[in-house]
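Note sheet for the following structure.
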Amino acid sequence: MGSEKTLVIGMFGFGVVGEGLYKVLKQTPSLKASIKKVCIKNTQKKRNAPADLFTSNPDDLLYDPEINVIVEVINDSAAGYEIVTTALNNGKDVVSASKKMLSEHLPELIALQEKTGKSLLYEASACASIPVIRNLEEYYDNDLLHSIKAIVNGSTNFILTKMFEEELNFKEALLLAQQLGFAESDPTLDIEGFDAANKWVLLLTHSYGIDTTIQDMLFNGITQISPIDAEVAQSRNQSIKLVAQAKKLQNGKVASFLLPQFVDQADQLYFVKNEYNGVVIETGFADKQFFYGKGAGSFPTASAVLSDIAALRYGYRYEYKKRNQQQPAELSDSYNLRVFISFESLANVPKEEFTSIEEWHSGNERSYLIGTIPYQSLIHKDWWKTNNNSLILMPNNIVENSEVSELKKMSLSLAGLDV
Ligand code: HSE
């Protein structure tokens, strides 16, 4: 084992996570890590820490030779990128919680980590308190990982729980998520799925060695979900959750998407409520494993930053084994999804694109159908999230091409569907 080094930290940001880390570090003296300076934008704002801790000049941290660790917990991704790259280039290890920045620049940052020989750790950037990145990185071999599905955004899970179980309306639930420090400063990032998509980019790299971007991801948030969707869920004893999923297909490629989903009670994710996150991993030999913990909030997120700081004492760095040493998996665009679509007008649903339709309900204000549709009919298209359409995935939603002909035989005739 290498000798443990003393860590002198320069921290960027003193918001929900930064202040949480400051408090948590004070309660962890055994760690031999102390914050020397904190860089903030607004020096006028009153802070719960001594005034001489703060500066507004990034160079006071980035060019201080005594500081050997930069912790970056700000929400400006362009500034975050500048800070993280300068810090690595200046020979400092970095811990970041900036999922958006990391998702936008991961391949460059991996290359820079390699070039500088320093560590860039970011456990707090996905699922906050759940140690999912280090687990995926160290424990699961590419070939053994059959599938991973997860709730990765605390705010949306909190909102859906409050709406469906405590009858708050969307606005009230979002406001509460903001007040409790779960939501992003721009909450559209949460409710429209961007935050979860950024996290999923990172988890795909660590689970399957895949480099991708949110621009190439099939995703949505929770803003289209309508009361009738909730009624359908209730009548089936299911809940609706925003779930990210990746699964190895028969051809070895990976199906990946992040969409609202009906979750039934046999699924571990059904019991993930409020700001909690959950990850279900299926492997060749261990079958199912379930990770559960707080996915947002000051101390849960700070706990993951703290764990990364602790790991730096013995020089831990991600090796990106699946990406760099093994054959990375490829994303597939050739499979089908079993979906529920509710809509005001069938004219806004391209029914001819469905491979099969298994259920159809006509209502006064909204109707819905359940059917199977090629992934290609959804990716880079927006009919399913515009014109008041709402798409929710069914449980067991991936239908491989080899299974489609059977479905076609069972399908209802599309010809009979009239507006
Ligand atoms: N806004 C994020 C969430 C914070 O709700 O999950 C944690 O990343």
Side-chain angles (χ1 to χ4, degrees), residues 12-21 24 71-77 80 95-104 106 121-134 149-163 168 170-204 206 214 217 219-223 225 240-244 258-261 269 272-279 291-308:
F12 285 83
F14 203 73
V16 172
V17 183
E19 189 175 342
L21 181 69
V24 163
V71 171
E72 183 273 308
V73 286
I74 63 174
N75 57 28
D76 173 338
S77 78
V95 176
S96 172
S98 300
K99 47 264 163 126
K100 181 166 183 289
M101 181 279 290
L102 291 159
S103 139
E104 286 167 352
L106 197 56
L121 303 180
Y122 42 84
E123 188 62 71
S125 64
C127 300
S129 72
I130 308 177
V132 62
I133 293 182
R134 230 183 292 169
K149 69 176 175 181
I151 292 171
V152 296
N153 180 271
S155 301
T156 44
N157 203 51
F158 180 89
I159 293 168
L160 292 172
T161 308
K162 294 291 172 219
M163 283 172 67
L168 264 62
F170 189 95
K171 268 194 182 156
E172 290 165 341
L174 170 60
L175 189 65
L176 205 50
Q178 288 177 293
Q179 285 164 347
L180 291 168
F182 303 150
E184 298 300 296
S185 29
D186 171 3
T188 53
L189 292 173
D190 294 299
I191 60 177
E192 292 181 4
F194 292 97
D195 179 75
N198 284 321
K199 291 166 175 167
W200 199 235
V201 165
L202 305 179
L203 293 184
L204 282 172
H206 290 279
I214 68 167
M217 188 185 297
F219 79 93
N220 199 8
I222 60 167
T223 51
I225 298 171
I240 300 175
K241 304 214 167 266
L242 184 61
V243 179
L258 160 76
L259 293 164
Q261 188 168 137
L269 296 183
V272 177
K273 305 211 169 166
N274 292 314
E275 78 274 27
Y276 280 80
N277 284 183
V279 185
F291 299 81
Y292 172 75
K294 286 195 171 169
S298 180
F299 286 164
T301 313
S303 78
V305 177
L306 187 74
S307 171
D308 280 349

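Each ligand, and each atom within it, is numbered from 1 in the order the structure gives. Values below: every heavy atom of this structure, side chains too, minus hydrogens, waters and symmetry copies. Source: prediction; values computed, not measured.
Among protein heavy atoms, atom 6 (O) of ligand 1 sits closest to G154 N, 2.7 Å. Atom 5 (O) of ligand 1 has S155 OG, 2.6 Å as its closest protein atom, hydrogens excluded (heavy atom only). Atom 2 (C) of ligand 1 has as its closest protein heavy atom E184 OE2, 3.2 Å.
Only the side chain of K199 comes within 4.0 Å of ligand 1, judged by heavy-atom distances. Residue contacts with ligand 1, taken as heavy atom pairs separated by less than 4.0 Å, do not involve L189 at all. The proximity of D190 to ligand 1, defined as any non-hydrogen pair under 4.0 Å, is limited to the side chain.
The N/O atoms of A296, backbone and side chain alike, include none that comes under 3.5 Å of an N/O atom in ligand 1. Checked against a 3.5 angstrom limit, the closest N/O atoms of F182 and ligand 1 fall inside it.
If you take CG on N198 and NZ on K99, they are separated by 8.5 Å, rounding to the nearest 0.5 Å. Between the OG1 atom in T223 and the CD1 atom in I191 there is a gap of 6.0 Å [rounded to 0.5 Å]. With rounding to the nearest 0.5 Å, the separation of NZ in K199 from OG in S103 is 11.5 Å.
For the residues A126, G295, S129, the heavy atom positioned nearest atom 7 (C) of ligand 1 is part of G295.
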For this session: Would you check, one step at a time, whether the test side-chain contact (heavy atoms from CB on, under 4.5 Å) holds for D308 with V305?
Result: CA-CA 5 Å; D308 280 349; V305 177; 5.6 Å; no

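Heavy-atom minimum distance, F158 versus A173: CE2-O, 3.7 Å.
At a 4.0 Å cut-off, at least one heavy atom of K99 sits close enough to ligand 1 to count as contact.
A ring-centre distance under 6.0 Å is found for F194 and F219.
In this structure, a donor-acceptor pair under 3.5 Å is absent between the side chains of D190 and T156.
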